[in-house]
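One structure is given below, encoded as structure tokens.
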Amino acid sequence: MNSATLNIHPPSLVPRISHCKTIREMKQFHALVIKTAQIHDLSLATEFLKLCATSDYRDTEYALSVFSQLPERNCFSYNTMIRALAESDDDYGPLDAFFLFYQMVSDGIVEPNRFTFPSVLKACSRAARLEEGKQVHGFVIKCGFDSDEFVMTNLLRMYVMCGSMEDAQILFTRNIDGDEDMNRMVTYNKRKLEGNVVLCNVMIDGYVRLGNIKAAAELFDKMHQRSVVSWNVMISAYAQNGVFMKAIETFHKMQMEGVSPNRVTLVSVLPAISRLGALELGKWGHLYAEKNNIPIDDVLGSALVDMYAKCGTIEKAIQVFETLPKHNVITWNAIIGGLAMHGRANDALKYFSRMERSGVSPSDVTYIAILSACSHAGLVDKGRYFFNHMVDKLRLEPRIEHYGCMVDLLGRAGLLEEAEDLILNMNIRSDDVIWKALLGACKMHKNIEVGRRAAKVLMQLAPHDSGAYVALSNTYAAVGDWGAVAEMRLKMKDLDIRKDPGCSWIEIDGAIHEFVVEDDSHPRAREIHSMLKEISHKLSLEGHRPDTKQVLLNMDEEQKASLLHYHSEKIAVAFGLISTSPKAPLKVVKNLRICEDCHSSMKLISKIYERKITIRDRKRFHHFEHGSCSCMDYW
DNA sequence: TTAGGGTTAG
């Protein structure tokens with residue numbers, strides 16, 4: 001080492017490290033450090049390693065080269081490098097963090113400390129390597145860190161992420177040691193309790209990952225103190241498992257208990273709000289973020305864009321999208337998917353071009369949105385082009401969802417054999433959804449031959465699902481083969497297959513009201529019933545005749561017509577009409593596809609009552625106004 | 001230097 005150089009340049013370069021804001025500046029700094037021989041200064045070199053390894057513009061490969069040239073390795077530099085590898089996503093995987101840790105303990109020159117283990121364990125979690133994780137557990141005990149809460153949390157998380165809930169359970173029970181202790185800790189040991197909240201959160205998350213929401217909720221209920229993360233875990237557990245009402249209830253309960261939602265809470269609850277079409281609540285969440293200085297970044301932004309789109313306000317979705325600080329592939333997918341859902345195929349394609357021009361590469365999900373846009377607008381050639389482009393040029397492997405869009409697109413254009421061939425020649429297994437799409441198209445084009453074949457496969461794939469029976473029966477009904485309809489009905493009865501209950505939601509003054517077919521459980525059921533009668537009367541005055549083809553049950557025409565009036569979306573609209581001021585728009589969300597009778601009724605209702613009515617069905621939006629629908633009866 | 005999150009056919 002050139003001591004003269006060191007004397008002339010004391011380690012005054014250390015503060016300058018923080019001035020490096022880009023990789024270029026970082027490399028220039030490195031050159032300077034080498035040139036002035038200060039690379040031999042251990043504290044400077046380790047600081048520099050930290051910069052390469054953990055800053056926003058980190059470069060794992062560069063960090064490794066700096067690490068390998070260090071004059072001396074200490075615990076800090078090992079920890080820094082292990083952490084960088086554990087978090088890396090490039091050629092160096094998290095497993096390399098484990099190997100470096102192994103080298104560290106094999107060399108025996110430097111002892112690992114309590115900061116070493118969280119990173120190594122995180123690496124094992126990310127690589128899902130239980131065996132390596134267990135070895136690290138051994139070292140944790142040997143080094144005496146098995147009472148450190150940070151180490152314990154990561155150890156528990158490692159078992160959870162490696163799928164070993166048994167090991168996680170043992171470790172958790174040993175640390176929490178029963179309810180009584182949890183109670184005592186509330187009073188006497190706040191620090192310890194905070195550690196336990198985190199351990200509980202990790203454990204709850206583990207149950208959720210296993211799909212055991214019940215166990216997760218049980219543990220959550222048992223906790224004497226919960227952090228905002230505990231609530232967030234439960235909210236996202238419900239939202240991701242389709243229990244949307246429960247997610248929203250938990251969100252409300254959290255606030256009643258005085259816990260303030262944070263950015264992650266909003267990101268977790270918004271998908272549930274979207275699915276239920278609860279626009280008012282969604283708007284509230286948006287306002288909450290703005291009022292509380294919660295940054296609307298790309299992550300929260302895509303949840304908001306999706307919420308506004310799914311709640312029927314695509315213009316607002318566009319507005320939010322345009323004001324986001326940056327757009328990544330998910331924000332683009334959210335807006336393109338939203339436009340597709342609203343039948344605005346040309347806009348979806350425009351945004352797709354913009355996305356490509358902005359340098360963000362489309363993903364497989366982007367193509368699902370694009371193909372779905374083409375299918376909703378009947379753009380057969382464009383759809384074919386994008387599908388082929390995705391497969392041939394981008395080398396993306398088509399997923400069942402892509403094939404699903406294509407089958408829908410071709411099927412609705414009447415190209416039933418081509419759609420059927422596509423399913424039969426896929427490299428992946430077909431599912432019930434794709435055969436239902438084909439069967440739906442067969443009904444539309446009154447093609448019994450392909451319809452029968454599709455139904456046959458569907459009945460094998462999902463024998464207890466009413467879908468195949470209902471769709472085939474509807475196909476028979478469409479061609480007027482009532483004998484076959486009756487036969488289907490009997491078959492369903494024999495096999496005890498029931499039609500999925502239709503369910504609709506409407507949000508009035510921020511409260512969500514749920515209705516099922518023939519629902520009379522609502523507190524205002526009487527008023528709703530008389531409104532339904534009024535609607536029915538006014539519809540018949542307008543010349544509307546109930547389309548009873550899709551009612552499967554064996555009853556006379558009058559009974560069938562009466563059942564049609566009690567479809568959940570009609571009940572929801574009736575309730576909307578009596579609960580809102582005249583001319584206020586109504587927004588209804590339905591779990592199934594809207595039936596043809598409801599579709600034609602809604603067109604007339606929008607005219608009779610002078611209301612904009614938006615119905616989001618399982619597949620897309622219908623905007624009814626002045627007696628017509630935005631889907632132009634093509635859906 | 002511990003826990004939680006956004007888009008996806010019908």
Side-chain angles (χ1 to χ4, degrees), chain A residues 54 76 79-80 83 113-119 121-122 148-158 160 194-206 208 226-237 239-240 262-271 274 296-307 309-310 324 328-338 340-341 363-373 375-376 398-409 411-412 431-441 467 471 592-593 617-620 635:
Chain A
T54 58
F76 183 86
N79 291 352
T80 310
R83 191 181 143 204
N113 67 9
R114 66 198 170 94
F115 298 118
T116 318
F117 290 104
S119 293
L121 289 164
K122 192 176 272 175
D148 183 280
E149 70 183 63
F150 288 78
V151 177
M152 279 325 286
T153 305
N154 278 289
L155 202 47
L156 189 67
R157 197 177 134 76
M158 181 276 293
V160 163
E194 275 166 9
N196 277 325
V197 172
V198 178
L199 285 182
C200 288
N201 293 346
V202 174
M203 211 51 201
I204 293 173
D205 181 56
V208 175
R226 306 178 184 107
S227 67
V228 64
V229 178
S230 324
W231 290 96
N232 292 350
V233 174
M234 279 320 293
I235 292 170
S236 66
Q240 285 168 8
N262 63 13
R263 197 175 125 270
V264 179
T265 317
L266 295 179
V267 172
S268 310
V269 78
L270 277 165
S274 305
I296 300 177
D297 59 1
D298 46 346
V299 178
L300 179 53
S302 36
L304 284 171
V305 167
D306 179 60
M307 181 277 292
K310 287 211 174 82
L324 292 182
N328 63 22
V329 63
I330 298 182
T331 51
W332 284 107
N333 292 348
I335 193 68
I336 296 171
M341 209 185 295
S363 67
D364 50 351
V365 179
T366 318
Y367 275 91
I368 295 173
I370 283 297
L371 295 176
S372 135
S375 123
H376 289 169
R399 289 167 38 186
I400 191 81
E401 289 92 338
H402 298 107
Y403 285 113
C405 291
M406 288 311 287
V407 166
D408 194 48
L409 178 68
R412 282 200 298 181
D431 66 359
D432 55 328
V433 179
I434 204 159
W435 287 104
K436 265 185 218 170
L438 182 62
L439 195 45
L592 307 174
R593 298 296 305 279
D617 74 4
R618 194 184 186 110
K619 189 174 163 192
R620 61 166 295 161
W635 87 91

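Letters A, B, ... are given to chains in the order of the sequence lines, protein chains preceding strands, and every chain is numbered from 1.
- Within 3.5 Å, a donor on the side chain of A:N262 pairs with an acceptor on the base of B:dG4, or the reverse.
- Remark: the A:R157 side chain and the B:dT2 base include no donor-acceptor N/O pair separated by less than 3.5 Å.
- Judged purely by atom type and a 3.5 angstrom limit, A:D205 has no side-chain atom pairing as donor or acceptor with the backbone of A:V208.
- Taking only side-chain atoms of A:S227, from C-beta outward, the nucleotide of B:dA9, B:dA3, B:dG4 with the closest atom is B:dA3.
- Considering only the side chain of A:E149, B:dT2 comes nearest among B:dA3, B:dG6, B:dT2.
- Note on A:V233: only backbone sugar-phosphate atoms sit closer than 4.0 angstrom, heavy atoms only; bases stay farther off.
- Atom CZ in A:F115 sits roughly 5 Å away from atom C1' in B:dT1 (whole-Å rounding).
- Among B:dT2, B:dT8, B:dA9, the nucleotide with an atom closest to any side-chain atom of A:F150 is B:dT2.
- Taking side-chain N and O atoms only, A:R114 has no distance below 4.0 Å to OP1 or OP2 of B:dT1.
- Distance CG/A:L304 to CG/A:L324: 8.0 Å, rounded to 0.5 Å.
- B:dA9 atom P lies 14 Å from atom CD1 of A:I370, rounded to whole Å.
- Whole-Å rounding puts the A:F117 CZ to B:dT1 P distance at 17 Å.
- The nearest whole Å value for the distance from the CE atom in A:M307 to the C1' atom in B:dT7 is 15 Å.
- With a 4.5 Å cut-off on side-chain heavy atoms, A:V197 and A:S230 count as touching.
- For the pair A:N333 CG and B:dT7 C1', the interatomic distance rounds to 5 Å; values are reported in whole Å.
- Distance CG (A:D205) to P (B:dA3): 10 Å, rounded to an integer number of Å.
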**Message:** As a quick check of understanding, evaluate side-chain hydrogen bond (donor to acceptor under 3.5 Å, both in side chains) for A:S375 and A:S372, giving each step before the final call.
**Reply:** CA-CA 5 Å; A:S375 123; A:S372 135; 5.7 Å; no
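- Residue A:S302 has its side chain nearest to B:dG6 when only B:dG6, B:dT7, B:dA9 are considered.
- Within the nucleic acid shown, A:V299 comes within 4.0 Å of at least one base atom, counting heavy atoms only.
- OP1 or OP2 of B:dG6 lies within a sub-4.0 Å distance of a side-chain N or O belonging to A:Q240.
- Base contact: A:D298 has a heavy atom under 4.0 Å from a base atom.
- Atom-to-atom, CG of A:L304 to C1' of B:dT7 comes out at 13 Å; the value is rounded to the nearest Å.
- The side chain of A:T153 has B:dT2 as its nearest neighbour among B:dT2, B:dG6, B:dA3.
- Counting to the nearest Å, the P atom of B:dG4 and the CE atom of A:M234 are 15 Å from each other.
- Across all strands shown, A:R399 has heavy atoms under 4.0 Å from base atoms, whether or not it also approaches the sugar-phosphate.
- For the OP1/OP2 pair of B:dT8 and a distance below 4.0 Å, the side-chain nitrogens and oxygens of A:K310 include at least one atom meeting the criterion.
- Side-chain to base pairing of A:D431 with B:dA9: one donor and one acceptor N or O lie within less than 3.5 Å of each other.
- A donor atom on one side chain and an acceptor atom on the other are not found under 3.5 Å apart for A:S268 and A:T265.
- Using a 4.0 Å heavy-atom distance criterion, A:D148 is classed as making no nucleic acid contact.
- Checked against B:dG6, B:dT8, B:dT7, the side chain of A:I368 finds its nearest nucleotide in B:dT8.
- Under the 3.5 Å distance criterion, with hydrogens and angles disregarded, no donor-acceptor pair is assigned to the side chains of A:N201 and A:N232.
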